[in-house]
Number of protein chains: 2
Amino acid sequence: MSATIKSVAEYAGVSIKTVSRVINNEGTVKPDTLAKVQQAIDALDYRPNKAARDLAGRDNYVLGYVYDNPNAYYILAMQNGILKECRSNGYELLIHPCDATNPDIIDELVNMVNSARLAGLILSPPLSEMPDVLHAMDEKGIQYVRVLSGDKAPDDKPCVLVDDYQAARQITGHLLDQGHRRIAFIAGEKQHHSTTERQRGFYQALADHGIKADPELVIDGTYSFGTGVQSIQQLLALPEPPTALFACNDEIAAGALFGARMQGVDVPEALAIAGFENSPFSTQTFPPLTTASQPTAQIAQRATSSLIRSLQARKRKAENHTIPADIFVPELIVRESTSR
Amino acid sequence: MSATIKSVAEYAGVSIKTVSRVINNEGTVKPDTLAKVQQAIDALDYRPNKAARDLAGRDNYVLGYVYDNPNAYYILAMQNGILKECRSNGYELLIHPCDATNPDIIDELVNMVNSARLAGLILSPPLSEMPDVLHAMDEKGIQYVRVLSGDKAPDDKPCVLVDDYQAARQITGHLLDQGHRRIAFIAGEKQHHSTTERQRGFYQALADHGIKADPELVIDGTYSFGTGVQSIQQLLALPEPPTALFACNDEIAAGALFGARMQGVDVPEALAIAGFENSPFSTQTFPPLTTASQPTAQIAQRATSSLIRSLQARKRKAENHTIPADIFVPELIVRESTSR
DNA sequence: GAGTAAAATGACAGCGTTGTCATTATGGTG
DNA sequence: CACCATAATGACAACGCTGTCATTTTACTC
């Protein structure tokens, strides 16, 4: 059997409560007592029993990750990052796949949080961008951290920002630097802020170069291969087709690449294509895609760490403990699909 | 606050122990007592507190899913299936990504199972096929269920089989039916049984038609896009190149497709290509790939259900409660990449 | 060095459940 | 109908921890 708080206390010659104070970092333990206890913990390879902790304490050590996102790579990267941070802080993770378009989604989430007695929630897009969901969580007093697209935090709740705007501006800038002037844009779902932010960055980059975007070159779609195939056909049929394309993600870009090649349009000679996300996709096309890389696992880790710190702050009743939002700017990765 | 076993007992007019018996399906409760308790449970929307259960009982209600597999779609599908079954049985799931090539993998797993006090483990390839890992789990008395490639169970421990052999035979048969006689095969990692089983099926189908496989047409590789690209170049350079290809998975097939098109070889006219897995990949190539579809989520669900049943059987000390292995045969999906 | 406030530590109940064992109800027998 | 075996139920401790509050130790003051 594994060590319990009692055996650690005996070994260290203190009361169990003192051990409890040590493992909870309560900070009211004398340095040498602390050292003794730490030593006992190490010697006995003691790990707090989560069930007992959950039962006795008023808080739980379980976080939840709720997702609804068709992109398996993204989800898995998020999950791995969250898991890593959870492990190093003694938290557990409950995974909850769901369907954001389900009208009962809010009930479902509230129910889930209650029945699993979660300490906090990690929300990624699109859930992190649904005001109804956030509002319901606020109302129920459920703590959460959001990962979302933007360059400044919308409020003082913990969040991690991904600056899609800046990255999109860089990608478009790269296309402009290559001499392109007629640049097309294919958007993903408008409900995703990432779409609107990337589009904003696209427009801004054009404006930086004194170019007015041609509305014909901007197409709405979804984050799918099919959108890429269809949109590029439409674009290439234009009297004055674009010489470059910025697709809202790699999947669209891959579709566009395929569509272009099917029509005998050479990439990158006749048409440069850039994607976004640095998904495995982007290296498995011919030619490989220029894209922007977001360190998803790292983002997830940071988000989780913010949530945990905020949880602990609340536990210690520390008021005004606002955690500054982290901002990640996806990094431009230039590959052959945009080389001259 | 949510209902406890005590409030249910009071509401139903019985002792808490009787309620405990009901929620644990112990079967020694009179029908009308059971009905009363059930009604109380429903009325109060009672859900057992997992922490208390774990603490009081000798068993835990947490399963673990350990994975090491680069295929995000597969992992996520597995995970979703497991989760679904866990939820409907009141179990929780602990996710543990790991690296099967790590020499300390066994220590890592044993450690993980101990410190998380898991009830059982769900193992998918390649971990489910590593004798060392299985042996260590057996030694530690850790229950597990395996998902593995094969057509009969290697022992009487719970497992779910995926009959890659049969499916590969069907795919190859389909190619033969189209009149192909020179059919190439590109293998994945030999450590994965799925590779050897698929290869076995390939050979058998040829043998069924009285064809001897040409060793030149069989290439070893890994489950990757790159393998596909390289292998097809090698194959097409042969004095007598194949007219059809069966790739061990869709990723290889996609790579081969690309390689072929780059050399100006038309698919399916000059070369038919079939993959395996029915990954999103397979619909996003041009032309879409013929493949075999395995209902991964369903497989995972069945595996989880086997594990849970076996856990409960052991709890009731039911000897000889062997659960018959489920067998899934992936289904042939014919798309344009093999049409005449 | 006595007196006091603050810091450090400890004793003990209680969290919601299950396991053990005792008790009570039930049904079958002669 | 008394008697017994067995089925059904209940009382209560225990699981390993945290919260509350009491007690002890420390540090500082005059």
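A note on names: the letters A, B, ... follow the listed sequences, proteins ahead of strands, and every chain is numbered from 1.
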ask   = Does the distance from a Lys or Arg side-chain N to an Asp or Glu carboxylate O, for A:D54 and A:K50, drop under 4.0 Å?
value = yes

inquiry  = What I want to find out is whether B:D163 reaches B:K152 closely enough, with some N-O distance under 4.0 Å, to be called a salt bridge.
reply    = no

key: Positive for side-chain contact (heavy atoms from CB on, under 4.5 Å) with A:K84, one of A:Q301, A:Q79, A:Q298   = A:Q301

key: Positive for side-chain contact (heavy atoms from CB on, under 4.5 Å) with A:R146, one of A:L307, A:D155, A:L127, A:L121   = A:D155

Can you tell me if [X] touches the phosphate of [N], counting only side-chain N or O atoms and a distance under 4.0 Å to OP1 or OP2?
{"X": "A:N24", "N": "D:dT18", "result": "yes"}
{"X": "A:K30", "N": "C:dA7", "result": "no"}
{"X": "B:S15", "N": "D:dG10", "result": "yes"}
{"X": "A:T33", "N": "C:dA8", "result": "no"}
{"X": "A:T18", "N": "C:dG10", "result": "yes"}
{"X": "A:T28", "N": "C:dA8", "result": "no"}
{"X": "A:Y61", "N": "D:dT18", "result": "no"}

What is the distance, to the nearest angstrom, from the [atom1] atom on [X] to the [atom2] atom on [N]?
{"X": "A:K17", "N": "C:dA7", "atom1": "NZ", "atom2": "P", "value": "18 Å"}
{"X": "B:L44", "N": "C:dG16", "atom1": "CG", "atom2": "P", "value": "14 Å"}
{"X": "A:E26", "N": "D:dC17", "atom1": "CD", "atom2": "P", "value": "14 Å"}
{"X": "B:K50", "N": "C:dC15", "atom1": "NZ", "atom2": "P", "value": "20 Å"}
{"X": "B:R53", "N": "D:dG16", "atom1": "CZ", "atom2": "P", "value": "19 Å"}
{"X": "B:I5", "N": "D:dG10", "atom1": "CD1", "atom2": "C1'", "value": "13 Å"}
{"X": "A:I16", "N": "D:dA14", "atom1": "CD1", "atom2": "C1'", "value": "14 Å"}
{"X": "B:K6", "N": "D:dG10", "atom1": "NZ", "atom2": "P", "value": "15 Å"}

key: Polar side-chain contact A:R21-D:dG19 base: donor and acceptor under 3.5 Å   = no

task = Look at the side chain of A:R47 and the base of D:dG16, then say whether one donor and one acceptor between them are separated by less than 3.5 Å.
result = no

query = So which heavy atom on A:E129 is nearest to which on A:S149, and how close?
reply = OE2-N, 3.8 Å

query = Start at the 5' end of DNA chain C and walk down; is the nucleotide closest to B:A51 or to A:V14 reached first?
reply = A:V14

